[in-house]
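The sequence lines fix the lettering, A, B, ..., with proteins before strands; numbering per chain opens at 1.
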Amino acid sequence: KAGVTQTPRYLIKTRGQQVTLSCSPISGHRSVSWYQQTPGQGLQFLFEYFSETQRNKGNFPGRFSGRQFSNSRSEMNVSTLELGDSALYLCASSLSGFGNTIYFGEGSWLTVV
Amino acid sequence: AQSVTQLGSHVSVSEGALVLLRCNYSSSVPPYLFWYVQYPNQGLQLLLKYTTGATLVKGINGFEAEFKKSETSFHLTKPSAHMSDAAEYFCAVSESGGATNKLIFGTGTLLAVQP
């Protein structure tokens, strides 16, 4: 059974540009979440989608957005990139319901220069 | 609001020694508790979780954790450390009965295993 797949794994962008990261959840998982990991702030929740609806959102500026498609695949977008957006972006998926195991992908490493 | 505190950002043990990584949580409702491990340049891998039932939870790679409500703790232990256990460990909490799978993570503990 394939795990959570994130693309691209590594990317370098310039300040002011925008970026789109993609996530394919484990088959059958309808909940997809995104997290940002940085050395200074640690692991922070960005947002969660369930059945194409955003179910929860973290404390990030509006430049960070996401969406989920009918096949549960998800994308997140960061517009007007800032140096501080350099981070590992992790996608996670789980079955419906709560208390289920949340599986993480390998992450997308974003460097903003 | 929920929160997680991991005592000790760096822990060093000798190979074969006991591993004890500390986690305390704050939650106004019964929590779901998780331990994840992250190896360099990789994502997070679940070691174990507590939702309900038995308070002593066994996970992968010989790790276990005990949920102690009175102490609001969920410490991770392993009787005998192995070199391959060197990694960063994260404790996390989510709300039971909530409408989200949002995880709140601690700041992590980097475990070093000395030969």
Side-chain angles (χ1 to χ4, degrees), chain A residues 3-7 9-10 21 23-26 29-51 53-60 68 72 74 87-109 111, chain B residues 1-10 23 25 27 29-54 57-60 65 67 74 87-110:
Chain A
V4 179
T5 304
Q6 293 187 244
T7 57
R9 288 294 318 279
Y10 304 92
L21 308 178
C23 173
S24 293
I26 293 172
H29 287 192
R30 294 166 61 192
S31 169
V32 175
S33 301
W34 290 88
Y35 293 80
Q36 181 196 63
Q37 185 177 23
T38 60
Q41 299 298 318
L43 282 154
Q44 293 187 288
F45 172 80
L46 280 158
F47 25 65
E48 180 196 6
Y49 287 87
F50 182 80
S51 293
T53 300
Q54 187 178 85
R55 187 154 72 174
N56 200 349
K57 188 178 191 305
N59 188 26
F60 279 83
Q68 186 180 32
S72 293
S74 177
L88 176 64
Y89 290 88
L90 291 163
C91 175
S93 77
S94 66
L95 291 167
S96 306
F98 308 104
N100 289 307
T101 298
I102 299 171
Y103 296 89
F104 283 81
E106 298 272 292
S108 291
W109 285 95
T111 301
Chain B
Q2 294 178 308
S3 66
V4 175
T5 301
Q6 290 185 242
L7 292 174
S9 58
H10 291 79
C23 172
Y25 69 92
S27 179
V29 298
Y32 294 145
L33 295 160
F34 306 80
W35 274 100
Y36 283 88
V37 61
Q38 186 176 36
Y39 298 99
N41 299 318
Q42 293 189 23
L44 301 174
Q45 180 182 9
L46 181 72
L47 283 175
L48 48 81
K49 68 176 183 181
Y50 169 79
T51 53
T52 59
V57 181
K58 295 187 183 299
I60 62 171
F67 170 61
F74 191 56
E88 190 157 22
Y89 293 79
F90 294 92
C91 182
V93 64
S94 70
E95 284 187 4
S96 65
T100 176
N101 279 318
K102 173 184 177 180
L103 290 172
I104 304 295
F105 284 91
T107 51
T109 297
L110 189 60

Name the atoms and distances for all side-chain donor-acceptor pairs under 3.5 Å in residues 31-43 of chain A, with sequence neighbours left out.
| unit_1 | atom_1 | unit_2 | atom_2 | d |
| --- | --- | --- | --- | --- |
| A:S31 | OG | A:E48 | OE2 | 2.7 |
| A:S31 | OG | B:N101 | ND2 | 3.4 |
| A:W34 | NE1 | A:S74 | OG | 2.9 |
| A:Y35 | OH | B:L103 | N | 2.9 |
| A:Q36 | NE2 | A:Y89 | OH | 3.0 |
| A:Q37 | OE1 | B:Q38 | NE2 | 2.9 |
| A:Q37 | NE2 | B:Q38 | OE1 | 2.9 |
| A:T38 | OG1 | A:Q41 | N | 3.1 |

A:L95 versus chain B, heavy atoms under 4.5 Å apart: side chain, backbone, both or neither?
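Backbone only.
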Contacting moiety of A:L90, where chain B heavy atoms sit under 4.5 Å:
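Just the side chain, heavy atoms under 4.5 Å.
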Please report the shortest heavy-atom distance between B:K102 and A:N56, naming the atom on each side.
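Where B:K102 meets A:N56 most closely, the heavy atoms are CD-ND2, 3.6 Å.
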Please state whether the side chain, the backbone, both or neither of B:F90 comes within less than 4.5 Å of a heavy atom of chain A.
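Only the side chain of B:F90 comes within 4.5 Å of chain A.
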Where on B:L46 is there a heavy atom nearer than 4.5 Å to chain A: the side chain, the backbone, both, or neither?
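Just the side chain, heavy atoms under 4.5 Å.
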Mind checking the CG-OH spacing from A:N100 to B:Y32? Nearest 0.5 Å is all I need.
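Going from CG on A:N100 over to OH on B:Y32, the span is 8.5 Å.
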